[in-house]
Amino acid sequence: MKIFEQLDERRAWREEEKLVLDAVRRVATEVIAPNAEAYDRDSAFPQRSVDAITALELNGLFVPEAYGGSLARYKLYLAVVKTIAEACGSTGVIYATNMHGSWPLILFGSEEQKKRLLPRMAAGGFGSIAITEPSAGSDATGMTTKFTPAGDDIIVDGGKTFITSGSVCDLMLLFGKWSEIADAKGAISALVVEKGTPGFSTTRIEDKMGHRASPTAAVAFDKCRVPRANLLGAPGDGIKILLTALNRSRPSIAAHALGIATAAFKDMVAYMNTRRQSGRRIAEFQGNQFMLADLASELAMAEAWLDHVADLVDAGAADFSVEASIAKLRCSDLAMRMTTEAVQMHGGYGYCRDYRVERLMRDAKVTQIWEGTNQVHRQLIGRSFVQR
Ligand SMILES: Cc1cc2nc3c(=O)[nH]c(=O)nc-3n(C[C@H](O)[C@H](O)[C@H](O)COP(=O)(O)OP(=O)(O)OC[C@H]3O[C@@H](n4cnc5c(N)ncnc54)[C@H](O)[C@@H]3O)c2cc1C
């Protein structure tokens, strides 16, 4: 694992960042990882794990000080997501999503909105971001959730599906169409729905292949009155807000996928160095070493690329959408391949629940689907080379 330790050394963490990472690694080892299997088996919300995260005030890493947080470098946030996801994919995505729901508010919210809403997130609130609808997935512009202005309120009607933390969130960043704007894309707008708003309900919790401890909800809005004060930007600003939000959330989903890939790699290497067949450890067979070499190389390259994306963000780059897509695509494809090979190297035992690789493989699959499917990311990356 020396190559990965060297990569981490090159990150040159500051003293205060090292303290955060040490604390997160300790909690990941002592609390989050030991509880992950039971939460997955029972499809139970990982309360002890999120409590441990809250105790470390990790939401504060993405909230500015003026609103109760202690804003850190994006690179640190990504390292925290990866560390938590390595211990438990479900807890990892719940934590990552807290930032996805908050960041657009930080970038596009008014001073009044930030002062009113962000301290709740900094104190450990759950965030969610609601884009997908039953008939608007890869093409989000097909969404039909309607925002109708009514004096000091906005009436929301419609529904969203597959919303991570949708059933538990304190704040939901909701996208819908402004009723008074005819243009399909131009009508998209964003507002913040607070927990307990009348007319906002959970209609279904998905029974998923993996990430079983992370609630994925279908939610409904029935004449739901949201104060107009919760509208982000102006009516029709939604696409701009959405694209900016995705630029930040996609690398974090990549970091989450890398956490799963790293867990699978470590488990696989450990098992291959103990399991013996034909008088040798299975790591000694050359064919298996070739496979390990390919996966270790890809893991190292993916880590280095994600560092590159984080550095762009921390340097204030305006446009890094293609870089973010590359990170999302490659890290999630790697997570799937790594976990599949890890199961393979565990033989029949890998197919049984006694070993963590079984859960890791189930958790890995969705990383290729959410935050834009990998087909969509291939299109976005490929399209960027078409000369205009
Ligand atoms: C566990 C989980 C959590 C999620 N969390 C959230 C969340 O918090 N918030 C949220 O808003 N959404 C969330 N999603 C939704 C997720 O982002 C969508 O599932 C994803 O964008 C794909 O949409 P879809 O499922 O409707 O598939 P579809 O868009 O119907 O796609 C079906 C297939 O067709 C392919 N396809 C579609 N269009 C094209 C094209 N133009 N070219 C080539 N192939 C194409 C896709 O790649 C896919 O393979 C979550 C989903 C899951 C499963």
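Remember, it's 1-based here, ligands and their atoms both numbered in the order they're listed.
Between Arg212 and Asp207 a salt bridge is recorded (basic side-chain N to carboxylate O distance below 4.0 Å). Between Arg359 and Asp267, no side-chain nitrogen of the basic residue sits less than 4.0 Å from a carboxylate oxygen of the acidic one, so the salt-bridge criterion is not met. A salt bridge is absent between Arg10 and Asp307: the closest approach of a Lys/Arg side-chain nitrogen to an acidic carboxylate oxygen does not fall below 4.0 angstrom. We find that Asp8 and Arg11 are joined by a salt bridge, their nearest charged nitrogen and carboxylate oxygen being less than 4.0 Å apart. Residues Lys2 and Glu5 are not paired through a salt bridge, judged by the lack of any N-O separation under 4.0 Å between the basic side chain and the carboxylate.
Considering backbone and side-chain N/O of Thr216, none are found under 3.5 Å from N/O of ligand 1. Considering backbone and side-chain N/O of Thr373, one or more are found under 3.5 Å from N/O of ligand 1. The shortest N or O to N or O distance between Ile163 and ligand 1 is not below 3.5 Å. Close N/O approach between Gln379 and ligand 1 is found [any backbone or side-chain N/O within under 3.5 Å].
Atom CE of Met338 is separated from atom CD1 of Ile260 by 12.0 Å, given to the nearest 0.5 angstrom.
Close approach of ligand 1 to Glu371 (heavy-atom distance below 4.0 Å) involves ligand atoms 17 (O).
Protein non-hydrogen atoms do reach within 4.0 Å of atom 9 (N) of ligand 1. For atom 50 (C) of ligand 1, a protein non-hydrogen atom is found at a distance below 4.0 Å. For atom 34 (O) of ligand 1, the nearest protein heavy atom lies 4.0 Å or farther away. Protein heavy atoms come within 4.0 Å of atom 4 (C) of ligand 1. Distance remark: protein heavy atom present below 4.0 angstrom from atom 20 (C) of ligand 1. Remark: atom 43 (C) of ligand 1 lies closer than 4.0 Å to at least one protein heavy atom.
Residue contacts with ligand 1: Lys208 is included, with a non-hydrogen atom under 4.0 Å away. Heavy atoms of Ile369 approach ligand 1 to within less than 4.0 angstrom.
One option in Trp370, Phe175, Phe162 has a heavy atom closer to atom 7 (C) of ligand 1 than any other, and that option is Phe162.
The salt bridge (Lys or Arg N to Asp or Glu O under 4.0 Å) test with Glu303 singles out one residue from Lys82, Arg330, Lys75, and that residue is Lys82.
Of the protein's non-hydrogen atoms, Ser138 OG, 4.3 Å is the one closest to atom 27 (O) of ligand 1. The protein non-hydrogen atom at the shortest distance from atom 45 (C) of ligand 1 is Gln375 CB, 4.6 Å. Atom 53 (C) of ligand 1 has as its closest protein heavy atom Val366 CG2, 3.6 Å. The shortest contact between atom 23 (O) of ligand 1 and any protein heavy atom is with Gly137 CA, 3.4 Å.
The backbone N or O of Ser321 sits less than 3.5 Å from a side-chain atom of Asp319, completing a donor-acceptor pair. The closest donor-acceptor contact from the side chain of Lys328 to the backbone of Thr367 lies under 3.5 Å. Looking at Asn59, its side chain does come within 3.5 Å of a backbone N or O of Met121 through a donor-acceptor pair.
Under 4.0 Å from ligand 1, not a single heavy atom of Glu206 appears. Both the backbone and the side chain of Ile131 come within 4.0 Å of ligand 1, judged by heavy-atom distances. Under 4.0 angstrom from ligand 1, the non-hydrogen atoms of Thr132 come from both its backbone and its side chain.
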**Request:** Could you give me the CA-CA distance, side-chain angles and deciding distance for Asn230 and Gln113, then say whether side-chain hydrogen bond (donor to acceptor under 3.5 Å, both in side chains) is met?
**Result:** CA-CA 7 Å; Asn230 282 15; Gln113 288 171 329; 5.5 Å; no
**Candidate pair Tyr355 and Tyr271, rule ring-ring contact (aromatic ring centres under 6.0 Å, His included), full reasoning** = CA-CA 10 Å; Tyr355 284 89; Tyr271 189 80; 5.6 Å; yes
